[in-house]
Visitor: 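Below are the structure tokens for one structure; questions will follow.
These values consider heavy atoms only, across backbone and side chains, with no hydrogens, waters or symmetry-generated copies. Just so we're on the same page: letters track the sequence lines, and every chain starts at 1.
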Amino acid sequence: MNESRNTLQKVEAGLPGRRRRETMFKLAGLLATTVGIVFLGVFFADLIAKGSSAFVQTQVRLDVEFDAQVIAPGGEMDIAYADFDGLVRASLRGVFPDVSGRNERRELYRLVSVGAGYQLRDMIVADPNLLGTTQAIWVPAASTVDMYVKGNIDASLDESLRPLSDAQIAWVDALRAAGNLQTQFNSALFSNGDSRDPELAGIRGALMGSFYMLIVTVMLAFPIGVAAAIYLEEFAPRNRWSDLIEVNINNLAAVPSIVFGLLGLAVFINWVALPRSAPLVGGLVLSLLTLPVIIIASRAAIKAVPPSIREAALGLGASQMQVVFHHVLPLALPGMLTGTIIGMSRALGESAPLLMIGMVAFIVDVPGGFSDPATALPVQIYLWADSPERAFAERTSAAIIVLLGFLLVMNLAAVIIRKRMERKW
Amino acid sequence: MSVAAFYVGRSRSIALVGGPKHGTELHSLPGYYGYFTAIWCLLPALAVLLAWVLLEPRVVVAMVIQGLPAEQQALSPGELDLLINNIQNLAAGDAVSGTVDAVLSDAAQRFLALTALSRRILAILTLGLGGLGAAIAWRRIRPDLRARNRVEQIVLLMLIAASSIAIFTTVGIVLSVLFEAIRFFQQVPVTEFLFGLNWSPQTAIRADQVGSSGSFGAVPLFTGTLLITAIAMFVAVPVGLMTAIYLAEYSSHRVRSIAKPLLEVLAGIPTVVYGFFAALTVAPWVRRTGESLGLEVASESALAAGLVMGIMIIPLVSSLSDDAINAVPSAMRDGALGLGSTRSETMTRVILPAALPGIVGGVLLAVSRAIGETMIVVMAAGLAANLTANPFEAVTTVTVQIVTLLVGDQEFDSAKTLAAFALGLMLFVVTLILNVFGLSVVRKYREQYD
């Protein structure tokens, strides 16, 4: 009796401490869970804060005279040699007539993007009737001006610490006061290839490169992955060889992606001599990379088909092959598709192996085929992130938002397919 | 063409037995005779096409070289390569380096002619083979031909081939990395690579250059990799484990159904995005915080890269620990709770010890992931190979060096490029060991409680 009361007392004495530890433990768990989620929140907030302004671009309105003397000196239009930049400069001088001196004028010219001249050229090519007229057109401002207008350059800093001089800031303010400055949707971001000038740089080339690569990947990885899964799940005898294949696939899924890049470099580029930087090679490497993912998902999908279906079909006289292709495969297809989409979204975000096979080159042209030099969206992000210009940081964030948007859409598609086609047996 | 063959084969099989009404006299369904013909038409032609496309450039180049004057045939392989390149550029109408002389333009002409010829032969050959195959199959169709079995055999062969690709990939990785690594070790002794303390992979262009002898001691890279991995694990293991415990044991169903997918999002973010975040947001923040505490922090500190990498790995650790925790039989849990232990005591004294092998296996997989992670460290960690354990200094990793050594155009026989493959070999071997070990522990453990 006395003994048991002692035990009871002991237990009760320990209770507050135990309860405290219990609360602490629970709090630690809660804290850990929130760490991940808070990071996610901070991450997206930071990204949107940095990147959203890249979707608009500052434009300057100029009254440009399409001077026949400059564009068509001898009555003949000579597009290749006409000095369109000169036209832009002339109209800038027209806006600020009292700017004199070489250096000041040069500073003035730097307010407008070097793309303005190309814009004029394209206009005159599209409509030769503009020759000799004066048009009010909006041309992109230089990236420094763009940054200033968006409030990313502090005018109160010392002149030597900012990319715009006092005079340039005064001009921009004057333009703004006169209503000759506006920000509008940055269509260049989606229609241009890469460029050294942030205001002209776009992700179109990278998007097309990624697109071609994913086409190659899906064409190769989906059929091969599904075929391999069918064999391993339905036909493979349980022996050493199939064990080996199985261990192999699981390991391949965990091999660092950069090693696949080394494989691509050594085999596809050095040995087979496929072109460097081509979406074809990138697609090949990415399909090897996603193959294990697709195989594992497809096997799970095949496993989920109940054996009764197979037995029923076999009982009606179908051959093994007929059972698989007429009954099991259609039922497992939604699961396989989900796995494939998830594999594709992984391939879309992958960049390390692409660095190995030369897809980091600076490529201005939008690729038009599977063997044109190209880059991919994540690699473009990597390239821009390395650029020192402030405006590129903004564009990098914008490109990331676009990439994450694509990934979101793909994953949502996977979830929807799973929900729609899911069967309960 | 093979589609046509399908219909030809099918209709012939029907015609042979005298119309669709007599279909039962055939051994297989008419469609299989169609497939049979189509395969005969397609496979040989496809095989020839593939072989031709792979071999054509080499053969054509060899023939062009044959046609060159003798003095140019005697050039060294490198110069010959350059010459061929020029000829190809000329043929494609691109800019050519050097002067275009009669020999060169002749060769370009011949190159074009040969390519066109080869295309024509290829077209005729594949079409002919296809037709021939279809004809053979057409002649072989009889009511007692076991067409279904034939077709199924071929399909099975294709399935086997598809599943062997995984093996070929591994073999390809091992061979490609191993060959280049062996070439590297012929130039640099293995012992220097594994135990040398100095990493500066410059090879001299001129012999009298300052600092001309590159040194390839990889120890600083290994320690750098380990330092960043350790920081990442320091973040990921406690957070991931506690998250798994909280979600498995304490949270309500609703919280769980929201928090889990959110954490999975972390796993789905591309690593290049993490790298950008680490380099532009976390690294400056670490630097500012460190400086306000009076610490000297490098702008590309190991800490920033490690922290972000740790966050990336949280979902991996938490989902594998979650599996391990859920695999513990609920009888053990219920027994501990029934004896009066609190939930935390049940967790730390009963469930975690029981789940430990599974968790350790998961952590091993996470370590392998951290070692092989590339983009975060390429963007946020440094290039200087410092031998240090100070997380505030810049270190470099194996993956960073592979990328810096191989990005850009390099010759394929310098020790500098080959070093990347030696590093790749190390990376592959280490991660392979970790993966095999981790996977087998995780699997064995799962089976134990099943």
Side-chain angles (χ1 to χ4, degrees), chain A residues 18 21-22 25-26 28-30 32-33 35-37 39-40 43 46 224 227-228 230-232 235 244-245 248-252 254-259 262-263 265-267 270 272-273 288 291-292 295 319 321 345 349-352 355-356 360 378 381-382 385 393 396 400 403-404 407 411, chain B residues 54 57 148 152 155-156 158-160 162-163 165-167 169-170 172-173 176-177 180 238-239 242-243 245-247 250 259 262-263 265-266 268 270 272-273 276-277 279-281 311 314 342-345 365 368 372 374-375 379 399 402-403 406-407 412 421 424 427-428 431-432 435-436 439:
Chain A
R18 288 173 64 196
R21 275 200 292 281
E22 169 75 19
F25 192 73
K26 189 174 171 182
L30 188 62
T33 315
V35 163
I37 292 169
F39 174 83
L40 203 63
F43 172 76
D46 181 63
I224 295 178
I230 289 176
Y231 177 72
L232 291 175
F235 295 102
L244 184 68
I245 294 182
N248 224 307
I249 288 169
N250 286 334
N251 276 323
L252 275 183
V255 166
S257 58
I258 190 169
V259 174
L262 290 175
L263 168 82
L265 178 61
V267 172
N270 278 341
V272 188
L288 291 182
L291 206 51
I295 294 179
S319 71
M321 204 58 83
S345 74
E350 199 57 73
S351 39
L355 301 184
M356 299 286 92
V360 277
I381 290 169
Y382 166 69
T396 315
I400 289 175
L403 176 64
L404 290 180
L407 294 180
N411 281 295
Chain B
L54 281 181
R148 181 174 60 74
E152 288 185 354
V155 172
L156 187 63
M158 286 183 187
L159 294 184
I160 292 176
S163 63
I165 284 188
I167 302 271
T169 311
T170 313
I173 289 176
S176 60
V177 177
E180 310 291 344
V239 174
M242 286 312 285
T243 305
I245 290 172
Y246 183 77
L247 290 181
Y250 290 104
L262 273 181
L263 287 174
V265 171
L266 279 181
V272 67
V273 178
F276 176 70
F277 190 70
L280 266 83
T281 306
I311 293 199
I314 288 175
T342 61
R343 288 212 243 188
S344 61
E345 284 163 355
L365 292 181
S368 132
T374 308
M375 294 318 289
M379 293 167 83
T399 48
I402 296 179
V403 169
L406 282 184
V407 167
F412 240 83
F421 283 90
L427 186 67
F428 181 69
T431 52
L432 186 72
N435 291 339
V436 170
L439 279 173

Visitor: Given that the side chain runs from C-beta out, which part of B:Leu156 has a heavy atom under 4.5 Å from chain A: side chain, backbone, both or neither?
Guide: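 Interface part for B:Leu156: both.
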
Visitor: With side-chain contact (heavy atoms from CB on, under 4.5 Å) as the criterion, how do B:Val265 and A:Asn411 come out once you've worked through the C-alpha distance, each side chain's angles and the decisive distance to 0.1 Å?
Guide: CA-CA 10 Å; B:Val265 171; A:Asn411 281 295; over 6 Å; no

Visitor: Is chain A contacted by the side chain of B:Thr431, its backbone, both, or neither, given a heavy-atom distance below 4.5 Å?
Guide: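 Side chain of B:Thr431 only, per the 4.5 Å heavy-atom cut-off to chain A.
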
Visitor: Counting heavy-atom pairs under 4.5 Å to chain B, which of A:Val267, A:Ile230, A:Ile400 comes out on top?
Guide: A:Ile400

Visitor: Check whether any side-chain heavy atom of B:Leu427 lies under 4.5 Å from a side-chain heavy atom of A:Pro256, and answer yes or no.
Guide: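 Heavy-atom side-chain distance check passes, below 4.5 Å.
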
Visitor: If every non-hydrogen atom of A:Ala385 is compared with every non-hydrogen atom of A:Thr396, which pair is closest and at what distance?
Guide: N-OG1, 3.8 Å

Visitor: Highest number of heavy-atom pairs under 4.5 Å with chain B: which of A:Leu291, A:Val259, A:Ile249?
Guide: A:Val259

Visitor: Which region of B:Ile160, side chain (C-beta onward) or backbone (N, CA, C, O), has a non-hydrogen atom less than 4.5 Å from a non-hydrogen atom of chain A, or is it both or neither?
Guide: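 When you check distances to chain A, atoms from both the backbone and side chain of B:Ile160 fall under 4.5 Å.
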
Visitor: So which of A:Leu288, A:Asn251, A:Ile381, A:Leu244 has the biggest tally of heavy-atom pairs under 4.5 Å with chain B?
Guide: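 With the most close heavy-atom pairs to chain B, the winner is A:Asn251.
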
Visitor: What heavy-atom pair brings B:Ser163 and A:Ala228 nearest, and what distance separates the two atoms?
Guide: CA-CB, 3.5 Å

Visitor: Among A:Arg21, A:Met356, A:Glu22, single out the residue with the greatest number of heavy-atom pairs under 4.5 Å to chain B.
Guide: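 That would be A:Glu22.
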
Visitor: Answer yes or no: is there a side-chain heavy-atom contact under 4.5 Å between A:Pro378 and B:Phe276?
Guide: no

Visitor: With a 4.5 Å cut-off on side-chain heavy atoms, are A:Phe39 and B:Ile311 touching?
Guide: yes

Visitor: Yes or no on side-chain contact (heavy atoms from CB on, under 4.5 Å) for A:Leu265 and B:Phe421, after CA distance, side-chain angles and deciding distance?
Guide: CA-CA 10 Å; A:Leu265 178 61; B:Phe421 283 90; 3.9 Å; yes

Visitor: Between B:Leu439, B:Thr399, B:Thr281, B:Leu247, who has the most heavy-atom pairs with chain A when the cutoff is under 4.5 Å?
Guide: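 When all of B:Leu439, B:Thr399, B:Thr281, B:Leu247 are compared, B:Thr281 has the most.
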
Visitor: With a 4.5 angstrom heavy-atom cut-off, could you sort out which part of B:Ile173 is near chain A: side chain, backbone, both or neither?
Guide: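 Both backbone and side chain of B:Ile173 come within 4.5 Å of chain A.
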
Visitor: Quick one: does A:Phe43's side chain get under 4.5 Å of B:Val273's, heavy atoms only?
Guide: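 Side chain of A:Phe43 against side chain of B:Val273, heavy atoms only: contact under 4.5 Å found.
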
Visitor: If every non-hydrogen atom of A:Ile258 is compared with every non-hydrogen atom of B:Gly372, which pair is closest and at what distance?
Guide: CG2-O, 4.4 Å

Visitor: Between B:Thr374, B:Ile314, B:Leu365, which shows the greatest number of heavy-atom pairs under 4.5 Å with chain A?
Guide: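 Answer, by heavy-atom pair count under 4.5 Å with chain A: B:Thr374.
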
Visitor: Select one option (side chain, backbone, both, neither) describing which atoms of B:Ala279 are under 4.5 Å from chain A's heavy atoms.
Guide: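 For B:Ala279, neither part sits under 4.5 Å from chain A.
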
Visitor: At a heavy-atom separation under 4.5 Å, does A:Leu262 approach chain B through its side chain, its backbone, both, or neither?
Guide: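 Contact with chain B is through both the backbone and side chain of A:Leu262.
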
Visitor: When heavy-atom pairs shorter than 4.5 Å are enumerated against chain A, which of B:Ile245, B:Leu263, B:Val177, B:Leu266 gives the highest number?
Guide: B:Leu266

Visitor: Could you pull out the closest heavy-atom pair between A:Met321 and B:Val155, with the gap in Å?
Guide: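 For A:Met321 versus B:Val155, the nearest heavy atoms are SD-CG1, 3.8 Å.
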
Visitor: Only pairs of heavy atoms separated by less than 4.5 Å count here; which of A:Val255, A:Leu232, A:Val35 has the most with chain B?
Guide: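 Answer, by heavy-atom pair count under 4.5 Å with chain B: A:Val255.
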
Visitor: Measuring heavy-atom distances to chain B, does A:Tyr382 have an atom under 4.5 Å in its side chain, in its backbone, in both, or in neither?
Guide: both

Visitor: Would you mind checking which part of B:Ile167 comes under 4.5 Å of any heavy atom in chain A, side chain (CB onward), backbone (N, CA, C, O), both or neither?
Guide: both

Visitor: So for A:Leu407, is it side chain, backbone, both, or neither that comes closer than 4.5 Å to the heavy atoms of chain B?
Guide: side chain

Visitor: Are any non-hydrogen side-chain atoms of A:Asp46 and B:Leu280 less than 4.5 angstrom apart?
Guide: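 Heavy-atom side-chain distance check fails, nothing below 4.5 Å.
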
Visitor: Checking heavy atoms, do the side chain of B:Ile402, its backbone, both or neither come under 4.5 Å from chain A?
Guide: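 Interface part for B:Ile402: both.
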
Visitor: Heavy-atom distance under 4.5 Å to chain B: side chain of A:Leu404, backbone, both or neither?
Guide: side chain

Visitor: Does B:Met158 form a side-chain contact (heavy atoms from CB on, under 4.5 Å) with A:Tyr231? I'd like the steps, not just the answer.
Guide: CA-CA 9 Å; B:Met158 286 183 187; A:Tyr231 177 72; over 6 Å; no

Visitor: With a 4.5 angstrom heavy-atom cut-off, could you sort out which part of A:Asn250 is near chain B: side chain, backbone, both or neither?
Guide: both

